There are 2 protein chains.
Amino acid sequence: MKINSSINDIPKSYYQDSESINVAVDCIIWGFDIKKEKLKLLLIKRLVEPLAGEWSLVGSFVKINEDLDFSATRVLKELTGLENIFLEQLQSFGKKDRDPGARVISIVYWSLIQIGQQDEELVNAHGANWFDLNEVPNLILDHKKMVEMALLKLQQNARYRPIGFELLPKKFTLPQLLKLYQEIYQKPLDDRNFRKKLISMNLLNKLDEKDKSTSKKGAFYYEFDGKKYNELVKTGFNFSLF
Amino acid sequence: MKINSSINDIPKSYYQDSESINVAVDCIIWGFDIKKEKLKLLLIKRLVEPLAGEWSLVGSFVKINEDLDFSATRVLKELTGLENIFLEQLQSFGKKDRDPGARVISIVYWSLIQIGQQDEELVNAHGANWFDLNEVPNLILDHKKMVEMALLKLQQNARYRPIGFELLPKKFTLPQLLKLYQEIYQKPLDDRNFRKKLISMNLLNKLDEKDKSTSKKGAFYYEFDGKKYNELVKTGFNFSLF
DNA sequence: TCAAAAGTGTTGGGATTACACCCATGG
DNA sequence: CCATGGGTGTAATCCCAACACTTTTGA
């Protein structure tokens, strides 16, 4: 690829033609409440006008000198204190009148975190709250649509990639994992087939320890083994549920 | 959803914080050369500085008063003269230094057209050319990456949605359809299983007419039946190959 | 001892894969 | 008549879905 031009050679006219636009990132944050066995969304009570006091995805304008992906990372960190977590781009939303305050194109990201890991003080300072998927309040602008798309994306991705584990603590039980997937797909799944499938994939390490908090018998803890997964992928393995 | 605020109530300060950015759309245009049995990409020779003369996806800045999707529609129409064709959003590309001329966030769309339908004069005026997937030239900026992602997206989508037909004329033969999918997946597919699968889906109408251009025996033409497909979807049917 | 959750196997049907030969016809 | 591409069927295997009872143990 030949890129001889330096920035000084470039006539300004081409870029001057463009009408620049406010660009925002908004961030879908999924969590799994392991006690209540519910998939949850982290939403903030918007503090700034317009629409102050309404529920909203957390977001920010993209700064002129930061990578787009970094904006999303920053937004997530500013709200939760967390870094190095699962975060991917979802879709851009760009109807010209989607925001009554100005022309804003929003690029939506989605992330998966473990409830409990986030910085509670930060989260409270933003007036944020976890909402059950079935109890999402009215959201500003087109944020409802964003949530709907994010759920679809989560469902599609969780089928073919081992991302469910991002929502669980390092140690989890099979009943917890099952509940998680039932929440993601919003439907019951067959207990025995689910266990069989997961265990046959050879991605989980069974620990000696049991979780006795939910039953007298107790359920064995498992860990997802990322190394094993990477090895398997090299040999052509594809994670796939159902 | 409560949106009492009118645009006049809104303090400007919130939006004044934002640093606005050039936003472009770039468009992946797939076509299938039915004679040569090759999947192709339509690329333009960039006419404007910087990087004039280099190969590029076709694109444009998003205008302040047009919907994002409309920008993509416009770009496609300006190059090909075509409207009402398959066009969906792929991904945004937003590294801060991806364009040496200015901070530009590019939102990439992908489209499927039938080679031959486009307006040749327009296409030539843009210095555009069809390139075999295996003979894509060097492209400006991060356009190569965009093409790679678009191929992945095409592969993923063609598995679960009957979009291959967008690349073929209304009447096509099963050998042509097979060749198309072999090109999309860049690998040979089993002839008999492919036919069986497609025909068993009940989406194709067999015509009486034959295409005699490629063999003495001739191959029967088929048509994709969109109505049948929609009916089937209502009853829970899912298009799925392999 | 019993309630409540954890754990365990088998079977039948449907789908996918692999595979090789005959058909039709124009030149 | 023959070369060329079009068209066809079957068998083996794998995967998925359906389904019910036993185990453990704290209270």
Side-chain angles (χ1 to χ4, degrees), chain A residues 34-38 155 158-160 168 171-183 185 187-223 232 235-242, chain B residues 34-38 155 158-160 168 171-183 185 187-223 232 235-242:
Chain A
I34 210 162
K35 294 249 168 62
K36 295 193 182 136
E37 301 177 337
K38 287 288 178 190
Q155 290 172 338
R159 257 194 166 70
Y160 302 111
L168 291 170
K171 298 188 298 189
F172 53 86
T173 67
L174 290 183
Q176 287 167 350
L177 191 61
L178 174 66
K179 298 279 173 43
L180 169 60
Y181 278 93
Q182 291 184 141
E183 277 290 292
Y185 293 103
K187 68 177 184 192
L189 299 172
D190 186 276
D191 183 10
R192 280 170 285 184
N193 293 335
F194 183 80
R195 280 169 176 272
K196 235 181 311 172
K197 191 66 192 273
L198 265 292
I199 288 171
S200 73
M201 284 190 202
N202 250 10
L203 297 173
L204 301 183
N205 294 329
K206 186 176 185 173
L207 306 184
D208 288 334
E209 200 183 348
K210 275 185 167 186
D211 169 26
K212 293 244 184 184
S213 67
T214 55
S215 78
K216 303 175 175 169
K217 186 175 181 181
F220 279 104
Y221 278 117
Y222 288 77
E223 275 180 1
L232 285 171
T235 69
F237 167 83
N238 283 308
F239 182 93
S240 162
L241 293 174
F242 329 126
Chain B
I34 209 161
K35 295 248 167 62
K36 296 192 180 136
E37 301 176 336
K38 287 287 180 192
Q155 290 172 338
R159 257 198 165 70
Y160 303 112
L168 291 171
K171 298 187 299 187
F172 53 85
T173 67
L174 290 184
Q176 287 168 349
L177 190 61
L178 174 66
K179 298 278 172 43
L180 169 60
Y181 278 94
Q182 291 184 140
E183 276 289 294
Y185 293 102
K187 68 177 183 193
L189 300 173
D190 185 275
D191 183 11
R192 281 168 285 186
N193 294 335
F194 183 81
R195 283 166 176 273
K196 236 181 311 172
K197 191 67 193 271
L198 264 292
I199 288 172
S200 74
M201 285 190 201
N202 250 10
L203 297 172
L204 302 184
N205 294 329
K206 187 176 186 174
L207 306 184
D208 289 332
E209 199 184 348
K210 275 185 166 184
D211 169 26
K212 293 243 183 184
S213 68
T214 54
S215 78
K216 306 179 173 169
K217 185 175 180 180
F220 279 104
Y221 279 117
Y222 289 77
E223 275 179 3
L232 285 171
T235 69
F237 167 83
N238 283 308
F239 183 92
S240 161
L241 293 174
F242 331 126

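Predicted, not measured: the structure shown is a model, and the values here were computed from it. To find a chain, count down the sequence lines: A is the first, B the second, and so on, and within it residues start at 1. These numbers come from the heavy atoms of this one structure, side chains and all, not from hydrogens, waters or symmetry mates.
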Worksheet item: Using a distance-only test with no angle check, is there a side-chain donor-acceptor pair under 3.5 angstrom linking B/Asp211 and B/Ser213?
Response: yes
Nucleotide [N], atom [atom2] - distance to [atom1] of [X] in whole Å:
{"X": "A/Asp211", "N": "C/dG7", "atom1": "CG", "atom2": "P", "value": "10 Å"}
{"X": "A/Arg192", "N": "C/dT10", "atom1": "CZ", "atom2": "P", "value": "12 Å"}
{"X": "A/Leu174", "N": "C/dG7", "atom1": "CG", "atom2": "P", "value": "6 Å"}
{"X": "A/Asp191", "N": "D/dC21", "atom1": "CG", "atom2": "P", "value": "16 Å"}
{"X": "B/Leu177", "N": "D/dG6", "atom1": "CG", "atom2": "P", "value": "13 Å"}
{"X": "B/Phe172", "N": "D/dG6", "atom1": "CZ", "atom2": "P", "value": "15 Å"}
{"X": "B/Leu178", "N": "D/dT8", "atom1": "CG", "atom2": "P", "value": "14 Å"}
{"X": "B/Lys187", "N": "C/dA18", "atom1": "NZ", "atom2": "P", "value": "10 Å"}

Taking the side chain as C-beta and beyond, is there a heavy-atom pair between [X] and [Y] under 4.5 Å?
{"X": "B/Tyr181", "Y": "B/Leu198", "answer": "no"}
{"X": "A/Leu180", "Y": "A/Phe172", "answer": "no"}
{"X": "B/Glu183", "Y": "B/Glu37", "answer": "no"}

Worksheet item: Does A/Tyr222 have A/Lys206 sitting over its ring (NZ/CZ under 6.0 Å from centre, angle to axis within 45°)?
Response: no
Restricting to nitrogen or oxygen on both sides, can you table the protein-nucleotides 23-27 of chain D pairs closer than 3.5 Å?
from: D/dT23; atom 1: O2; to: A/Lys217; atom 2: NZ; distance (Å): 3.0
from: D/dG26; atom 1: OP1; to: A/Lys212; atom 2: NZ; distance (Å): 3.4
from: D/dG26; atom 1: N2; to: A/Lys216; atom 2: NZ; distance (Å): 3.4

Identify all pairs in which a protein N or O lies below 3.5 Å from an N or O of nucleotides 15-17 of chain C, and state each distance.
from: C/dT16; atom 1: OP1; to: B/Lys197; atom 2: NZ; distance (Å): 3.3
from: C/dT16; atom 1: OP2; to: B/Lys197; atom 2: NZ; distance (Å): 3.3

Practice prompt. Compare every heavy atom of B/Phe239 with every heavy atom of B/Ala158, then report the nearest pair and how far apart it is.
Written response: O-CE2, 3.6 Å
Worksheet item: Can A/Phe194 and A/Leu174 be said to form a side chain to side chain contact (heavy atoms under 4.5 Å, CB included), step by step?
Response: CA-CA 9 Å; A/Phe194 183 80; A/Leu174 290 183; 5.5 Å; no
Item to complete: Please work out which of the three classes, parallel, tilted or perpendicular, describes the rings of A/Tyr185 and A/Phe242, given edges at 30° and 60°.
Response: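 The rings of A/Phe242 and A/Tyr185 stand perpendicular, inter-plane angle above 60°.
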Practice prompt. Please round to the nearest 0.5 Å and tell me the distance separating atom CG of A/Asp190 and atom CD of A/Gln182.
Written response: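 Interatomic distance, A/Asp190 CG to A/Gln182 CD, rounded to 0.5 Å: 9.5 Å.
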Item to complete: Take A/Asp190 and A/Ala219, find for each the nucleotide of DNA chain C with the closest heavy atom, and name the residue whose nucleotide sits nearer the 5' end.
Response: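 With A/Asp190 and A/Ala219 compared, the 5'-side residue is A/Ala219.
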Worksheet item: Are any of B/Arg195's side-chain N or O atoms less than 4.0 Å away from OP1 or OP2 of D/dG7?
Response: yes
